[in-house]
Amino acid sequence: MQSLESTPVTDLPGVGPAIAVKLAGLGIETVLDLLFHLPLRYEDRTRVHAIGELNAGDTALTCGRIESAGVRYGRRRSLVVAIGDGTGTMAMRLFHFNENQRRQLRPGRRIVCFGEMHAGSGGIETAHPDYRLLDDDAEIPTTDRLTPVYAAASGVGQALLRRLTGAALDRLERGPGIADPLAELSSEALPEALPEVLPEKLPEARPEGLSGETARHEFTGLADALRAIHRPPAGIRIDAALDPGHPARRRLAFEELLAHHLALRMVRRRLDHRRAAALDRGDALVRRFTGSLPFALTAAQRRVATEVRADLARTRPMHRLVQGDVGAGKTVVAAIAAVTAVASARQVALMAPTELLAEQHFANFRGWFDPLGIEVVWLSGRLGGRERGRGLARIAGGEAAVAVGTHALFQAEVAFASLGLVIVDEQHRFGVEQRLALRGKGERGGRQPHQLVMTATPIPRTLAMTAYADLDTSVIDALPPGRTPVDTAVAPSGRRPEVVARIHRACGRGDQAYWVCTAIEESDASACRAAEETARELAETLPALRIGLVHGRMPAAEKDAAMAAFKEARTDVLVATTVIEVGVDIPNASLMVIENAERLGLAQLHQLRGRIGRGARRSACVLMYDGPLTEAARARLEVLRATTDGFRIAERDLEIRGPGDLLGTRQTGLTRLRIADLARDLPLLPDVERAASELLARHESCIAPLVRRWIGAGADYGQV
Ligand code: ADP
Ligand code: MG
């Protein structure tokens, strides 16, 4: 018998080419795809509700007799039918009706209807329910399963989808079955996390045929899980059927996460077959470089630098993510990698997400590398044609060993003589797709550049394993010594005068301060206006202080001048928008005020606050807000006040916001999960990884079908 994977939907009765096209629009091409088209929610038509017990908001099946029917002429003409069942009366209202309906819906007829109840003028009311007239002796048409509601499309409505998924379930029952990758796993690799939610704790959630005994050590088989999800048996409440702890849901969530994780591991496997130049020189030059620094590397920096250099020395391309909290000192590690590449006669591209950060890296690298005789160029959208042309020529000719810039570095006209290493800073700003796209760049003669990506968004380890399964990761898990944690206070905007006075005092002592203005919504124009306004105000109230201003809409030269002035302590206060969020490193600044902090996310606030507390002196951050705060905003500010630990903050962020924002992958795979939820299902991930390793090692043939049924053929992780 043909497998469900290879049975086209047109094999099912009543599916012709026209419907097949519409189904394809929903991603459904095979009978198997139908099985993985999971219900969004359910309706309960398994029992009849007494009208007298209905409440507004209920969606319910009711049955009674028509007591009266008539057309009302209110704001809109409607047909109102009163239905009674001995326990009470409700109204069914139709705004659209025809003569036929009007004739049929007459007093005395028996009627069954299913719909959502509202509070109407004269009691409970439902508009345009599903209804049917019944003969007096007919049985009330209840179902023995919850009714699934699917993502539908025009021409493929619920009725059709229910019929087709029903037919697919029948085939599953009778047919060749379905490959169940989890059934292949040995007992050591069997997920432990699944039986943790014991079915006996959720008696109603127990799928049929699952005995308490076996459920503890095995988990629901795939076919059982699919049946339980598509057609939950009568007696289970809707909320229990939707409960993420339902064994069938957990089982499928596990499988979905496994599919995504495997997809990335397969990407990685393909990458490992590529070749790269071994960058294995530079021990002496690296020593010279680190010796020239005004500080000693931390143990964490040394360890990570060693891991990176070991990767670079191999003939397959490195794909390594370096995580490290704000201020952990990632840049120096990147520089060590760059020195290694240059000593091995290859070029380096360093990409930053903003012009401001690219420029700062350029200044740093030039300061470090000039004395070593390594030429660094800066490629910026801001450069004039002539300068840019010169930079491009130096890169193409190979004289420039290091090129620093934004993503403009990867435009077609940038040609490297021998690119050996690509470094991407603050990679969470780019997202998975850009990260994967980047890998195609710089390929020469079958050799690919090594890739080092750095992020200050600390991703909880378990999440990183799934989201970055195609990367090796290193963590710089300690800050350089001598940092004092930032004191953070939360204050309503009414206390602004006190905050201004505090700035006055601090700057009087020779400290410097940032004042950050935020945008209402996305438009940064409003933030720029706010920053200009604030700079003017502060200049008036604090005439003794020198106030600088930087925001995204200023001409580039002015921006540079403002940053330089602040860096050289020629200004005391820098009023800024969130353009200073990433990377900016000015150790003398020890005070930061963030206005309307409630508008920003946790990660962003943490990044911003990371701009201070870089020197030895005690630093403080004031988060100002305009009340009243939403629950989520209050929670965010409280987290910031309570801790400066980036990992703790990221974990809370995950709970408050979910992983999409954290990973910067809004558009990509992991945030379009069908049944799993990364934030909620985080505890499953270690088991996902273990199961994946075993499938990769011993049951590779399971993988492609698994990935296909959850993610689709080419889909999100690309043909990398
Ligand atoms: P991030 O990890 O946020 O990119 P940076 O690389 O910008 O951090 O480093 C933050 C600051 O710490 C810089 O001023 C840098 O010179 C300094 N720094 C880096 N490593 C050390 C160290 N081992 N000891 C002292 N200061 C260091
Ligand atoms: Mg940095």
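As the structure lists them, so they are numbered: ligands from 1, and atoms in each ligand from 1. Reckoned from all heavy atoms, side chains included, excluding hydrogens, waters and symmetry mates.
- Each of the following atoms of ligand 1 lies closer than 4.0 Å to a heavy atom of Val326: 3 (O).
- In summary, the atoms of ligand 1 found under 4.0 Å from a heavy atom of Arg614, numbered by their order in the structure, are 3 (O), 7 (O), 10 (C), 11 (C).
- Glu689 and His261 share no side-chain donor-acceptor pair at under 3.5 Å.
- Within the structure, ligand 1 has Arg483 among the residues with a heavy atom less than 4.0 angstrom away.
- Distances from atom 6 (O) of ligand 1 to the heavy atoms of Ile476, Thr331, Leu293, Val333 put Thr331 nearest.
- Residue Thr298 approaches ligand 1 through these ligand atoms, each under 4.0 Å from one of its heavy atoms: 23 (N).
- A heavy-atom distance below 4.5 Å is found between the side chains of Leu271 and Val267.
- Checking Glu307 against Ser474 by side-chain atom types alone, a donor-acceptor pair falls below 3.5 Å.
- Between the side chains of Glu595 and Trp515, a donor-acceptor pair is found at a separation under 3.5 Å.
- Applying the 4.0 Å criterion to heavy atoms of Ala296 picks out, from ligand 1, the atoms 22 (C), 23 (N), 24 (N).
- Closest non-hydrogen pair, Gln451 versus Leu421, comes out as N-CD1, 4.5 Å.
- The backbone N or O of Ile476 sits nowhere less than 3.5 Å from a side-chain atom of Lys330 that would complete a donor-acceptor pair.
- The closest heavy-atom contact to atom 3 (O) of ligand 1, among the options Ala335, Gly482, Gly327, Gly329, comes from Gly327.
- If you number the atoms of ligand 1 from 1 as listed, the ones under 4.0 Å from a heavy atom of Leu297 come out as 23 (N).
- Side chains of Arg614 and Asn588: a donor-acceptor N/O pair is absent below 3.5 angstrom, by distance only.
- At least one heavy atom of Ala328 sits closer than 4.0 Å to an atom of ligand 1.
- Atom numbering of ligand 1 starts at 1 in the shown order; those under 4.0 Å from a heavy atom of Asp585 are 11 (C), 13 (C), 14 (O).
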